[in-house]
Every structure is written in structure tokens, then in C-alpha cells.
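See below for the structure under consideration.
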Amino acid sequence: MTNPLFYAKILLFGEYGIIEDSRGLTLPFSFYKGTLKFSELQSDFEKKSNEHLRNYAEYLKVLTLPAGFEVDTESFIQDINSGLFFDSNIPQGYGIGSSGALVAAVFEKYSLKKYDAETISKDDLKALKKVFGLLESYFHGTSSGIDPLICYMNLPILIENKENVDKVAIPQSEEGKKGAIFLIDSGTAGETGPMVQIFFEKMKTEGFRKTLKEEFIRYNNACIEYFLSKEMNPFFRNLKNLSVWAFEHFKPMIPESLYKAWKKGIDTNAYYLKLCGSGGGGYILGFTRDYEKAEEMLEGFNKEVIYRF
């Protein structure tokens with residue numbers, strides 16, 4: 001039997017803000033994916049992945065999970081000994097959930113309890129988010145559990161606050177339309193830990209805490225609201241505010257290769273850029289009403305459209 005595929009995820013809105021109870025909106029991204037497979041472990045990639053899973057299994061052996069959410073680590077270890085590896089093309093350090101997909105795949109295969117994405121309740125989602133936070137902590141030190149939850153559910157998820165998440169319907173992507181949401185490859189991988197550390201250092205400053213709560217979170221939540229209701233004029237107004245705010249306050253998280261392009265978008269209103277996840281490298285998100293024009297202005301950068309409107 002073929003194991004299911006687990007897609008990467010895009011955090012459209014909510015980076016850093018969800019730490020402080022803002023809303024967030026995430027989508028599965030099927031271009032990148034991973035699945036558990038068996039092999040003779042001939043290639044370096046397969047050997048390294050198998051070893052990675054072995055180390056993760058050791059972590060799971062001593063991890064205490066809530067009752068009803070246990071993982072069959074004995075079967076997991078037996079399969080690792082039989083050549084299990086995680087076959088994935090999700091780039092690491094790009095903010096699109098490489099560890100989340102692995103955690104989701106392991107949980108789906110080895111958890112004693114199974115869930116149906118169509119019928120899962122909001123309470124189950126809340127409980128799963130906590131469990132996934134524990135399971136993913138191995139990779140990042142701490143985890144909200146959001147990434148593996150999205151990869152596991154393979155559905156758009158609305159993060160309502162730190163505690164609550166729910167499934168959400170997003171407007172259908174309309175091929176052939178001029179407007180687009182796209183990814184820009186910064187050319188370097190980012191590390192979540194150091195970026196989050198910078199954020200927490202900034203949070204020690206009263207002025208930063210105030211502007212985050214009064215401006216960033218307001219713009220962020222408005223973007224989610226207007227995007228879901230397809231009100232594009234107020235959406236782009238708030239998006240510009242969000243991009244300007246990030247350029248002023250999240251500068252350390254913006255890859256240097258994108259400083260000029262970021263500012264150019266704000267100055268010309270041709271497109272707006274924002275962080276995709278924690279930043280520092282990896283992908284940056286772009287939004288435009290006219291992708292052809294934005295593409296010309298961003299010549300030289302590797303770009304990929306993920307949504308049309």
C-alpha cells in the first residue's frame with residue numbers, strides 16, 4: 001500500500017503575530033511534498049533520512065503524549081530497521097513546513113488513533129495542535145504545532161488565536177486572472193530559532209510591543225478578513241500597511257538580497273512583499289494585482305505563483 005503524501009504549507013498571514021494571539025491563515029502547498037517509504041538505503045539521501053528518523057524515534061520513546069494520542073514507537077523503530085525513510089522534496093529552512101510534513105507522516109502512520117479530515121471536530125483540532133507541538137519540538141526547541149497540523153489535515157486552516165484553530169474555505173484560485181500571490185526564493189535557507197530569538201529580544205521593548213499589538217496585528221487580522229471575503233481594495237490597503245510595518249520593524253528577518261525589491265514594491269504599489277514564516281532566508285511572499293508587471297520588476301529573482309485572483 002502506498003503511504004499518503006504530505007504537502008508543504010504556506011503561512012499566508014500570522015508570522016510572529018500568532019505568538020501574541022493574532023489570527024493566522026495557512027494553506028497546503030502541493031508543489032512540495034513528502035511520504036514515508038521503504039528502500040535498500042542505497043543513496044546518501046535515503047541513508048541520512050533513515051538515520052534522522054532513528055534519532056527522532058529515540059526522542060519519541062521518552063516523550064510523554066496525552067492519553068489517546070500515543071504513537072507506536074516500537075513499530076516505528078522496526079520499520080526504520082527495515083529501511084524506512086522520508087522521501088521529500090520540501091526544502092529545509094524555507095519556511096514551508098519540511099519538519100511539519102515529516103511529523104504529520106509519522107503521526108498518521110503510527111498514532112493509535114485515526115482522524116478523518118472531513119469530520120474532525122474543532123475540539124479535536126485544538127487537541128491535535130497541542131500534540132503536534134510536542135512532536136515537532138524535537139526540530140525547533142518549541143513548536144506551536146500549526147505546521148504539522150496543516151500538513152496532516154491538508155486543508156486551509158484559520159488560526160483564531162493561540163489556542164483555537166478551525167478549517168476554513170478560501171476563495172477559489174482563478175487561473176488566467178491578473179492578480180497573484182507568489183513566492184520569491186531569497187537564495188538562502190533560514191533558521192527559525194535565531195529569528196524567533198530576535199523577535200523575543202524586540203518584545204522586551206515596550207515601544208515594539210505596543211506597535212505590534214496596535215498596528216501589526218490589526219493589519220494582519222484585517223488582511224485575513226478581507227482576503228476570505230474577496231474584498232480586494234481594503235485587502236491591498238492593509239497589505240501595504242503590513243509590508244511597510246515589516247520593513248521598519250522586521251528588517252533583521254528580511255533577507256538582505258530583497259531589501260531593495262521590498263522597498264520598490266511599497267514605493268510603486270506594483271506589488272507588496274511579506275515574510276513567509278520566520279524569515280531570515282527561504283521564501284518571501286509577494287502579492288500583486290498585476291503579476292506580469294510585478295514579474296518584470298522582480299527580474300532576476302526565482303518566482304513561483306501559488307494563487308490567482
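Computed from heavy atoms alone, side chains included, the values below leave out hydrogens, waters and symmetry copies.
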Salt bridge (Lys or Arg N to Asp or Glu O under 4.0 Å): pairs with one or both residues in residues 8-34, sequence neighbours excluded: Lys9-Asp147, Glu15-Lys274, Glu20-Lys213

Derivation and outcome, side-chain contact (heavy atoms from CB on, under 4.5 Å), residues Phe309 and Ile181: CA-CA 8 Å; Phe309 56 87; Ile181 302 174; 4.1 Å; yes

Residue pair Leu27, Leu12: steps toward the side-chain contact (heavy atoms from CB on, under 4.5 Å) verdict: CA-CA 7 Å; Leu27 313 174; Leu12 273 190; 3.7 Å; yes

Distance-only polar pair, side chains of Glu46 and Ser39, donor-acceptor under 3.5 Å: yes

Quiz item: cation-pi between Lys202 and Phe208, 6.0 Å / 45°: yes

Ring center gap for His249 and Tyr16 short of 6.0 angstrom: no

Aromatic ring proximity, centroids under 6.0 angstrom, Phe236 and Phe287: no

Greater than 12 external heavy atoms within 6.0 Å of Glu191's CD: no

Flag if over 12 foreign heavy atoms under 6.0 Å of NZ, Lys37: no

Chi angles and distances behind the salt bridge (Lys or Arg N to Asp or Glu O under 4.0 Å) call for Glu58, Lys61: CA-CA 5 Å; Glu58 290 302 317; Lys61 265 168 64 175; 3.5 Å; yes

Donor-acceptor under 3.5 Å (Lys167 side chain, Glu118 main chain): yes

Within one Ile-Leu-Val-Met-Phe-Trp-Tyr cluster: Tyr7 and Leu102, side-chain cutoff 4.5 Å: no

Expected output: side-chain Asn220 to main-chain Gly14 donor-acceptor under 3.5 Å: yes

Distance-only donor-acceptor check, side chains Asn164 and Lys122, under 3.5 Å: no

Single-linkage hydrophobic cluster, 4.5 Å side-chain cutoff, Ile150 and Leu25 together: no

Donor + acceptor pair across side chains of Tyr110, Asp79 (<3.5 Å): yes

Show the atom names and distances, to 0.1 Å, of all donor-acceptor pairs under 3.5 Å that link a side chain in residues 124-138 to residues at least two apart or in another chain.
residue : atom : partner : partner atom : Å
Asp124  : OD2  : Ser121  : OG           : 3.4
Lys129  : NZ   : Ser144  : O            : 3.4
Lys129  : NZ   : Lys162  : O            : 2.8
Glu136  : OE1  : Ser143  : OG           : 2.7
Glu136  : OE2  : Ser99   : OG           : 2.7
Glu136  : OE2  : Gly100  : N            : 3.4
Ser137  : OG   : Gly133  : O            : 2.6

Flag if over 12 foreign heavy atoms under 6.0 Å of CD, Gln92: no

More than 12 heavy atoms from other groups under 6.0 Å of CG on Asp116: yes

Check: Trp262 ring centre within less than 6.0 Å of Tyr272 ring centre: no

Near-ring test Tyr56/Phe139, centroid separation under 6.0 angstrom: yes

For Ile96 against Cys276, the heavy-atom pair lying closest together: CG2-SG, 4.4 Å

Parallel, tilted or perpendicular: ring planes of Phe13 versus Phe227, cut at 30 and 60 degrees: tilted

Parallel, tilted or perpendicular, as decided by the 30° and 60° cut-offs, for the rings of Phe45 and Phe85: perpendicular

Ring centroid separation Phe216 to Tyr219 under 6.0 Å: no

Intermediate values then yes/no, side-chain contact (heavy atoms from CB on, under 4.5 Å), Glu74 and Asp72: CA-CA 6 Å; Glu74 283 186 24; Asp72 182 357; 3.8 Å; yes

Lys251 bridged to Glu256 by N-O distance under 4.0 Å: no

Side-chain H-bond candidate by donor/acceptor type, Arg218 with Asn238, under 3.5 Å: no

